[in-house]
Q: 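Structure provided below as structure tokens; questions to follow.
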Amino acid sequence: MKKLLLLSSLFTSIIYAHECRYTLNIDIDTSNGELKGKALISSDHPTITLLDTQANISEIKGASLSVQNNIPTLVKGGEEGDVEILFTHKFNLLNSDVVLLENWYPRVDMMCKYETVVSNPEMISIVEATQTKIKDGVSTFIFDYPLDRVNLIASKDYKVSSKAAKSGLKLSTYFYSDNQQLRENYFKKSDEYFELYKELFGFLPYNNFSIVETQFPAGYSMPTYTLIGKQIIDKEYVLESSLGHEIAHQWFGNYVYAPSKGNWVEGMTTYYADYLYAKKAKKEVEYRKDMLIKYDSYVNAHNEIAPIDFEHKTQNSKNAIGYEKSAFFFYMLEQKIGENAFHEGTKRLLQEYAFKEATYDNLREIYEKSSNQKLDAIFKNLIYEKGALDFSISNTSLMFVENRYLLEFDIVSNNKAEFIPISICSNKECLTTKIDLSSKEQRFELDIEPTKIVIDENYELFRRLHPLETPPVISKIIEGNALVVIDRADEEKFSKFKMIFKNFKYADEVKYEELKSNNIFILGAKNSLLNQISIPFKMQGDAKIEIFKNPLNGAYVAAVFEMEKLSRSIFYRLRHLGKYSTAVFEDEKIVHKSTKESQNGIVYNINGDSYAVKPAVENLNDIIDEIAKKRVVYIGEQHTEFSSHLNQLKIIKAMYRQNPNLAIGMEMFQQQFQKHLDDFIAGKISEKEMVAKTEYFKRWKYDYELYRPIILFAKEKSIPIVALNIDREITKKVVNGGFDSLSSEQLEVIPDSIDFENPKYVEQLRGIFGMHQSKSFKNFDEFYHAQLLWDESMAENMVEFMKKNPDYSMAVLAGNGHIMHGHGIPKRAHRRGIADYTIVLNHTNPEPGIADYLLYPSAVTTRKAKKLGIYFEDNDNLEIKKLVDDSPAQKAKIEPKDRVIAIDGTKVKSIYDIKTELAFAKDSLSVTLMRDSEKIEVRVDF
């Protein structure tokens, strides 16, 4: 990192037009922690503005001090003559070292050529210098070019070694005694880096370079030297990357200067150092993705700035802009204008702005000249404005016309890029191209059968990542803005975290919406919230952190942290582990760290493929006993296909033959009506009463005749029917208002644990939502949460029955979507202890892992439900709106405006009552009507 110290906010521009020479004479008194200095400033300018300084000025000669609007200015008596300033500065030793990096002397708002004379024979000093002279304990450091500041480091513990490098440079190390063994490695790597950049840029900026060890964990670059903290100087990553980054700063920041605002040098240096090294290691795609992950982790609408507003390294959100976004910009700029034009422009920048300040505007002008292209748009989108590319694809359609596939879709973006790379893939190959983002409608004629579209899988654009592309990483929670959740029993153990995180909740009081809309930091391996939202954290080592996708909202994460003994040092070390998903510590040492896998590129699946089942197709009757061996058989259905239900009945009968202790779990009935099912099986109420009391037609819209043979077999054999589903009113309430909208009584009914974490299930349900459910729910999230509530409830209700009846087996009847791939009910029941099961699906496309058995029944039908042919005003208003032509009702002379009040003498109040009566009607029935104010009765024949 280039050490950038801000100028006064009122004086952010450097004056280049005036010659300035600055001589500093410094006497260091370490025993009293004070230096005495004399500054001699030679300038042809009549006034000199002093910048903020910590120096105590005691005397000024050759000028008078004027202060206007809190701006101190030295006014010279004439243009000729020097200004002399006597000053002192108090400092604190860092161990035994002197480290002066801030405004420790009277700084001025001009670029000057510096000569710094340091008197202290006990210490070895280093200052920016192209020439160094040491005599009689006095060190003279001369910097022959304009510079905006000097810094001073001194230590009595340094051992200095020097070596002539192949590049022609004099390399030196200023290391403490216990790290002298590192110097040869630093000489070797430094020489390699300087050779690399000499070849790239054509020259070396200085004739000497020093690596200086310091007492604090720093990586700072100044002209002619770099500071590296002793805490990290022996780390491999410093030699392999950080050192090269600081050396690259000798060109960018220490040779060509950047303004304090609109600082481009960190991005340029990251591009020519860290990214370049990744490129040489064939890991450039991974590095570009890591840059986008950092941006995604740290930057949000509240803290984002444009790169033109970046100043220097302060916090992670700004670093993700000044380093990552800016570096990505230079990558995209090179892609736009070409490698040759880009590197020619970089060389021109170094030539034209040597020891001068260059702005982003200057960079744009230079790269426009080198490429002969106008670059306003890319600078505007990525440098002068906030944000990243975002886009969406919709209205995907696939046709087959004249022996070719026609793929069409719409793409809409926020205009942060001109083009976007895409791949259109079949099962065997991918066709890659770029599409123009100014055009919404896209159309492709293809010779391959497309199965998916993959967007920007090589991360060529600075864009927002899709949740499936972002691994859950530590960086998501280390900014201190996560919602921390603890159990009350652990409050004292984790009390220090209250000082770090503002948002703090107990597990028993946190709301669903809070969990859904935040990154969550769960403290304690036994935190009750882990079970409630089904996070599978397993403790390892003395301390462990693991990051999961937030199961309620994949855009956020859920972190779990546990320690045997709380250590603040471990927590602060997490800041350097931001790109990992898991870190395990033993004795405060990292023994394991890993990052969870994530998807590359944004993938849109195209459902155009066909599947084949092999080897041989078998008859159900030949394998039905094999199916029936399992304790639980999940039998999926297409709700409206009677042949699905006939297969269900066949398997139920086979299971009953093997174990008469059989139960039938049914999605079609809701748990609050279980008593009425029990009464029906026990013979206490009739079938018609059971249908009415379970509100079958109100709660389940499908024809009762489809399920009647199964229900009658259960009655005949006294097989319990278990109502699996949850009260639909609770589902509606959760859909509309979230779990927080439920009453305390309703909260008692919902499952005690809901597993939201299954990306493949989300993808499966998105397809179902688009095909069948988009009209029933406002958005996918509503449908997804309703589906999970159904799945978990059905799993919990069936497991509860089986735990109470351990000798029972069960046939579970539910829609294919609740069963396929095991994502819905099966894995949620497995989580609760039911592991002996098989999955059978009816009428569905084969896919790898979709089921254990796929059934393709012949078309067997049953009698259809009787219908009057009447449309009512609504379900609870039985006034007739209109009649179907040639329907039984019309033939019976029933008229619009009539109101139905009874069927076969039984009063009816809703359409559900009528459906119940029709389900048990014979070939004809009587309908009692109110016509105007007269009661009449008609006979309806079917």
Q: Under 30°, 30 to 60°, or over 60°: which ring-plane class applies to F252 and Y272, parallel, tilted or perpendicular?
A: parallel

Q: Can you give me the closest heavy-atom contact between N381 and A417, atom names plus distance?
A: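 Smallest interatomic distance, heavy atoms only, reads ND2-N, 4.4 Å.
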
Q: Could you give me the CA-CA distance, side-chain angles and deciding distance for Y174 and Y225, then say whether ring-ring contact (aromatic ring centres under 6.0 Å, His included) is met?
A: CA-CA 10 Å; Y174 289 66; Y225 67 99; 8.4 Å; no

Q: Would the number of heavy atoms belonging to other residues, nucleotides or ligands and lying under 6.0 Å from NZ of K593 be above 12?
A: no

Q: Check E284 against Y275 and note the closest heavy-atom contact, atom names and distance.
A: CB-OH, 3.5 Å

Q: What's the shortest heavy-atom distance between I545 and I477, and which atoms?
A: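 It is CD1-CD1, 4.1 Å.
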
Q: As an exercise, state the distance from CE of M268 to CG of L333, rounded to the nearest 0.5 Å.
A: 8.5 Å

Q: Once you measure the plane-to-plane angle for F355 and Y145, does it fall in the parallel (<30°), tilted (30-60°) or perpendicular (>60°) bin?
A: parallel

Q: Please enumerate all residues that pass salt bridge (charged side-chain N to carboxylate O under 4.0 Å, His left out) together with E192, with sequence neighbours excluded.
A: K188, K189

Q: Would you say S155 and D97 are linked by a side-chain donor-acceptor pair, where the criterion is simply a distance under 3.5 Å?
A: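 D97 vs S155: donor-acceptor pair found between side chains.
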
Q: If every non-hydrogen atom of Y206 is compared with every non-hydrogen atom of P223, which pair is closest and at what distance?
A: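 So the minimum-distance heavy-atom pair works out to OH-CB, 3.8 Å.
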
Q: Using the ring of each side chain (for Trp, its six-membered ring), is Y197 parallel, tilted or perpendicular to F201, with breaks at 30° and 60°?
A: parallel

Q: Test side chain to side chain contact (heavy atoms under 4.5 Å, CB included) on L239 and N185; report intermediate values, then the result.
A: CA-CA 8 Å; L239 275 172; N185 286 337; 4.0 Å; yes

Q: Sequence neighbours excluded, which residues qualify as salt bridge (charged side-chain N to carboxylate O under 4.0 Å, His left out) partners of E122?
A: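 Listed in chain order: nothing, the list is empty.
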
Q: Determine, for E266 against K325, whether the closest basic-nitrogen to carboxylate-oxygen distance falls under 4.0 angstrom.
A: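 Here E266 does not pair with K325 in a salt bridge, since their nearest N and O are not under 4.0 Å apart.
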
Q: What do you reckon, are the aromatic ring centroids of Y186 and F175 less than 6.0 Å apart?
A: yes

Q: NZ of K294: more than 12 outside heavy atoms within 6.0 angstrom?
A: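 It does not: K294 NZ has 12 such atoms or fewer within range.
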
Q: Evaluate the side-chain proximity of V117 to I26: yes if any heavy-atom separation is below 4.5 Å, no if none is.
A: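 Not in contact.
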
Q: Less than 6.0 angstrom from the centroid, inside 45 degrees of the normal: does K347 satisfy that with respect to the ring of F203?
A: no

Q: For R464 and E304, work out which heavy atoms get closest and say how close.
A: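 Smallest heavy-atom distance, with atoms named: NH2-OE1, 4.5 Å.
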
Q: Testing the basics here: between G601 and Y459, what is the closest heavy-atom pair and its distance to 0.1 Å?
A: N-OH, 2.9 Å

Q: Is any side-chain heavy atom of L375 less than 4.5 Å from a side-chain heavy atom of K336?
A: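 A side-chain contact under 4.5 Å exists here.
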
Q: Taking atom CD of Q181 as the centre, report whether more than 12 heavy atoms of other residues, nucleotides or ligands fall under 6.0 Å from it.
A: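 Atom CD in Q181 is crowded, with more than 12 foreign heavy atoms closer than 6.0 Å.
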
Q: Can you confirm whether the side chains of H592 and S594 place a donor and an acceptor under 3.5 Å from each other?
A: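 Side-chain D/A pair, H592 to S594: present.
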
Q: As an exercise, state the distance from CG of N254 to CD1 of I247, rounded to the nearest 0.5 Å.
A: 11.5 Å

Q: With no hydrogens and no angle check, do the side chains of N95 and Q215 hold a donor and an acceptor under 3.5 Å apart?
A: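 Yes - a donor-acceptor pair under 3.5 Å links their side chains.
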
Q: Surrounding CG of N340 (heavy atoms of other residues, nucleotides or ligands, distance under 6.0 Å), is the total greater than 12?
A: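 No.
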
Q: Check the pair K386, D309 against salt bridge (charged side-chain N to carboxylate O under 4.0 Å, His left out), reporting the backbone distance first and the verdict last.
A: CA-CA 10 Å; K386 302 177 184 178; D309 294 320; over 6 Å; no

Q: Decide yes or no for I211 and S172: does some side-chain heavy atom of the first lie under 4.5 Å from some side-chain heavy atom of the second?
A: no

Q: Specify whether Y158 and Y176 have parallel, tilted or perpendicular ring planes, treating 30° as the upper limit for parallel and 60° as the lower limit for perpendicular.
A: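 If you compare the ring of Y158 with that of Y176, the planes turn out parallel.
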
Q: Would F209 and Y193 count as a close aromatic pair, with their ring centres under 6.0 Å?
A: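 Not under 6.0 Å, so no.
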
Q: For residues I153 and L101, determine if any side-chain heavy atom of one lies less than 4.5 Å from a side-chain heavy atom of the other.
A: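 Yes, close enough: below the 4.5 Å cut-off.
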
Q: Taking side-chain contact (heavy atoms from CB on, under 4.5 Å) as the test, write out the residues that go with S96, two or more places apart.
A: K156, D157

Q: Pairing donors with acceptors under 3.5 angstrom, does anything connect the side chains of S581 and E546?
A: no

Q: For salt bridge (charged side-chain N to carboxylate O under 4.0 Å, His left out), just list the numbers for E184 and K163, CA-CA rounded to whole Å, side-chain angles, deciding distance to a tenth of an Å, and then say yes or no.
A: CA-CA 9 Å; E184 289 302 322; K163 186 174 184 177; 3.4 Å; yes

Q: Just so I know, are the side chains of Y287 and D274 near enough to count as touching, which here means a heavy-atom distance under 4.5 Å?
A: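 Yes, side chains in contact.
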
Q: We want to know whether T130 and D144 form a side-chain donor-acceptor pair, criterion being a heavy-atom distance below 3.5 angstrom.
A: yes

Q: Considering only heavy atoms from C-beta outward, does the side chain of V150 approach that of L152 to under 4.5 Å?
A: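 They are not in contact (no side-chain heavy atoms under 4.5 Å apart), so the answer is no.
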
Q: Spell out, as yes or no, whether a donor-acceptor pair under 3.5 Å connects the side chain of T346 to the backbone of F342.
A: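 Side chain of T346 to backbone of F342, a donor-acceptor pair under 3.5 Å: yes, one is there.
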
Q: Are the side chains of Y360 and S326 in contact, using a 4.5 Å heavy-atom criterion?
A: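 Yes, close enough: below the 4.5 Å cut-off.
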
Q: Could you state the interatomic distance from CG (D178) to NZ (K230), rounded to the nearest 0.5 Å?
A: 5.0 Å

Q: Give a yes-or-no answer on whether the side chains of Y257 and D148 include a donor-acceptor pair shorter than 3.5 Å.
A: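 Y257 vs D148: no donor-acceptor pair found between side chains.
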
Q: With rounding to the nearest 0.5 angstrom, report the CG to CD1 distance, N303 to I321.
A: 8.0 Å

Q: Are the side chain of N103 and the backbone N or O of D52 linked by a donor-acceptor pair below 3.5 Å?
A: yes

Q: Are Y114 and F143 close enough that their ring centres sit under 6.0 Å apart?
A: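 Ring centres of F143 and Y114 not closer than 6.0 Å.
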
Q: Strictly under 6.0 Å, is that where the ring centroids of Y295 and F328 end up?
A: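 Y295 vs F328: aromatic centres not under 6.0 Å.
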
Q: If you measure only the distance, is there a donor-acceptor pair under 3.5 Å linking the side chains of E324 and N319?
A: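 N319 and E324 do not have a side-chain donor-acceptor pair below 3.5 Å.
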
Q: Under a plain distance cut-off of 3.5 Å, with no hydrogens placed, do E128 and N151 share a side-chain donor-acceptor pair?
A: yes

Q: Does any non-hydrogen side-chain atom of W264 lie less than 4.5 Å from one of P259?
A: yes

Q: For the salt bridge (Lys or Arg N to Asp or Glu O under 4.0 Å) test, which of R463, R288, K289 pairs with D456?
A: R463

Q: Between L171 and F194, is the side chain to side chain contact (heavy atoms under 4.5 Å, CB included) condition met? List the steps.
A: CA-CA 10 Å; L171 293 174; F194 277 107; 4.1 Å; yes

Q: Rounded to the nearest 0.5 Å, what's the gap from CD on E564 to CD on E586? Could you check?
A: 10.5 Å

